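From a predicted model like this one, the values you see are computed outputs, not experimental measurements. To find a chain, count down the sequence lines: A is the first, B the second, and so on, and within it residues start at 1.
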Number of protein chains: 2
Amino acid sequence: MGVRTPTELTTEFRTRGLKVTPQRQLLFRLLHGNMTHPTAERLFAEASAQMPGISLRTVYQTLNDLTAMGELQILQSAAGSARFDPNIDDHHHALCDRCGELHDVYVDHFDSLMVSGFDGFRPDRASIVFGGVCAACAAA
Amino acid sequence: MGVRTPTELTTEFRTRGLKVTPQRQLLFRLLHGNMTHPTAERLFAEASAQMPGISLRTVYQTLNDLTAMGELQILQSAAGSARFDPNIDDHHHALCDRCGELHDVYVDHFDSLMVSGFDGFRPDRASIVFGGVCAACAAA
DNA sequence: TTGCAGATCAGCAGAGGTTGCAGATACGGT
DNA sequence: ACCGTATCTGCAACCTCTGCTGATCTGCAA
Ligand SMILES: [Mn+2]
Ligand SMILES: [Mn+2]
Ligand SMILES: [Zn+2]
Ligand SMILES: [Zn+2]
């Protein structure tokens with residue numbers, strides 16, 4: 001779970017009555033196993049290298065469709081553009097202050113956390129972002 | 001700690017060689033004890049009511065100055081504009097899916113959380129956003 | 001295989017939020 | 001009160017993302 005292959009996404013699009021165009025297939029491939037939490041611009045650049053002429057609009061459209069299907073998570077970056085995450089497993093993130101890299105971390109026993117102040121609020125999910133310095137930047 | 005009065009902010013600005021203008025003082029007052037996590041536009045509207053002619057640019061400038069001094073936290077809202085938080089105590093947030101209200105929650109024993117995947121990453125802070133429905137919206 | 005209705009595409013214009021810039025203004029040390 | 005310089009205002013530009021439109025392409029039925 002949590003990793004959809006291009007073939008699975010193709011099937012899912014067809015099942016929902018959405019057409020599977022070459023542009024969409026390219027994006028399925030670019031996203032598959034992508035751990036970089038890329039922005040739309042970044043995916044557009046990578047897509048353009050393989051398919052000159054593809055439009056940024058189409059990239060956004062496909063990312064939005066995938067998000068609506070629950071196949072992508074959107075992560076709001078502090079500065080600038082949204083980042084897209086094809087990892088739909090329950091996980092959290094570590095953001096490097098120096099290079100901006102975002103990588104996945106997994107948290108156990110999150111439910112045992114003691115939280116005060118909910119005051120009637122009913123949480124149904126939580127997202128943690130750790131800030132700090134990544135291994136590569138610490139070495140440099 | 002965690003709550004700076006307008007007087008304290010005035011002193012801090014002077015200490016740093018920054019001037020204390022009526023515009024800045026008004027914003028100090030509007031932020032003091034403000035638990036609403038307002039946007040810049042919202043603060044601009046409130047400020048304009050008391051000081052017609054103040055510019056949105058000045059509001060942003062002062063909020064940025066305060067943030068650079070560590071007297072404000074910026075919270076990147078998923079959709080739209082940033083929200084500013086004068087509460088600089090270590091705390092986290094609950095975001096209502098219905099009305100967008102953001103309120104403070106406090107977490108104990110955060111350090112006891114089991115996190116895997118840091119892989120050399122050195123975290124120095126963390127921010128949790130709980131998603132769900134607030135008490136007021138659940139009642140309606 | 002062919003043809004059609006409707007989905008999708010590229011390209012561009014525009015919205016929303018934030019920042020850069022330049023000339024006018026005013027804080028605050030003297 | 002004066003002056004030097006930080007700040008203010010107003011506007012234009014910027015960045016990211018979405019709306020719109022005519023042309024093109026896809027999936028499906030025949
Ligand atoms: Mn992730
Ligand atoms: Mn807060
Ligand atoms: Zn790094
Ligand atoms: Zn609510």
Side-chain angles (χ1 to χ4, degrees), chain A residues 6-7 9-28 30 37-45 47-69 72-85 100, chain B residues 6-7 9-28 30 37-48 50-69 72-84 100 102:
Chain A
T7 302
L9 290 177
T10 294
T11 301
E12 187 169 348
F13 265 58
R14 291 230 165 91
T15 299
R16 293 176 179 244
L18 299 174
K19 294 177 178 176
V20 178
T21 64
Q23 289 85 349
R24 291 186 160 184
Q25 288 176 302
L26 172 54
L27 286 165
F28 295 167
L30 291 176
H37 305 92
T39 62
E41 280 291 347
R42 181 93 192 90
L43 288 165
F44 173 59
S48 295
Q50 293 186 44
M51 184 185 286
I54 189 175
S55 85
L56 179 58
R57 191 68 185 79
T58 297
V59 173
Y60 273 107
Q61 227 146 243
T62 301
L63 293 174
N64 288 342
D65 288 343
L66 285 165
T67 303
M69 292 179 192
L72 278 185
Q73 242 191 292
I74 296 189
L75 304 168
Q76 215 55 35
S77 112
S81 32
R83 301 175 71 157
F84 294 85
D85 192 350
Chain B
T7 302
L9 291 177
T10 294
T11 301
E12 187 169 349
F13 266 58
R14 290 234 165 87
T15 300
R16 292 175 181 245
L18 299 174
K19 295 179 178 176
V20 178
T21 64
Q23 290 87 345
R24 289 179 167 180
Q25 289 175 300
L26 172 53
L27 285 165
F28 296 167
L30 291 177
H37 306 92
T39 62
E41 280 291 347
R42 182 94 193 90
L43 287 165
F44 173 59
E46 292 174 7
S48 294
Q50 293 186 46
M51 184 186 286
I54 189 173
S55 82
L56 178 58
R57 192 69 187 82
T58 298
V59 172
Y60 273 107
Q61 225 144 242
T62 302
L63 294 174
N64 288 343
D65 289 342
L66 285 166
T67 302
M69 292 178 191
L72 277 186
Q73 249 190 283
I74 296 189
L75 304 169
Q76 214 58 33
S77 112
S81 33
R83 301 174 70 158
F84 295 85
L102 196 60

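If you take CG of Asn64(B) and P of dT18(C), they are 9 Å apart, rounded to a whole angstrom. Distance CZ (Arg83(B)) to C1' (dG17(C)): 15 Å, rounded to an integer number of Å.
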Evaluate the side chain to side chain contact (heavy atoms under 4.5 Å, CB included) criterion for residues Glu41(B) and Leu56(B): first the C-alpha distance (whole Å), next the side-chain angles of each, then the deciding distance (0.1 Å), finally the verdict. CA-CA 7 Å; Glu41(B) 280 291 347; Leu56(B) 178 58; 3.6 Å; yes

Decide yes or no on side chain to side chain contact (heavy atoms under 4.5 Å, CB included) for Gln73(B) and Thr67(B), but give the supporting numbers first. CA-CA 6 Å; Gln73(B) 249 190 283; Thr67(B) 302; over 6 Å; no

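Counting heavy atoms from C-beta outward, Ile74(A) and Phe84(A) have side chains that approach closer than 4.5 Å. Side-chain contact between Thr10(B) and Phe28(B) is present, with heavy atoms from C-beta onward closer than 4.5 Å.
The closest donor-acceptor contact from the side chain of Ser81(B) to the backbone of Ser77(B) lies at 3.5 Å or more, if one exists at all.
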Under 4.0 Å protein heavy-atom contact, by nucleotide of nucleotides 8-15 of chain C - B base, S sugar-phosphate only: SSBB----

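Met51(B) CE to Leu27(B) CG: the interatomic distance, rounded to the nearest 0.5 Å, is 8.0 Å. In this structure, Leu43(A) CG and Leu30(A) CG are separated by 6.5 Å, a value rounded to the nearest 0.5 Å.
With a cutoff of under 4.0 Å to any heavy atom of chain A, the contacted region of DNA chain D is bounded 5' to 3' by dT16(D) to dG27(D).
Ion pairing of Asp65(B) with Arg24(B) is present here, as a side-chain N (NZ or NE/NH1/NH2) and a carboxylate O approach within less than 4.0 Å.
Searching all strands for a Watson-Crick or G-U wobble partner of dA29(D) with both distances below 3.5 Å returns dT2(C).
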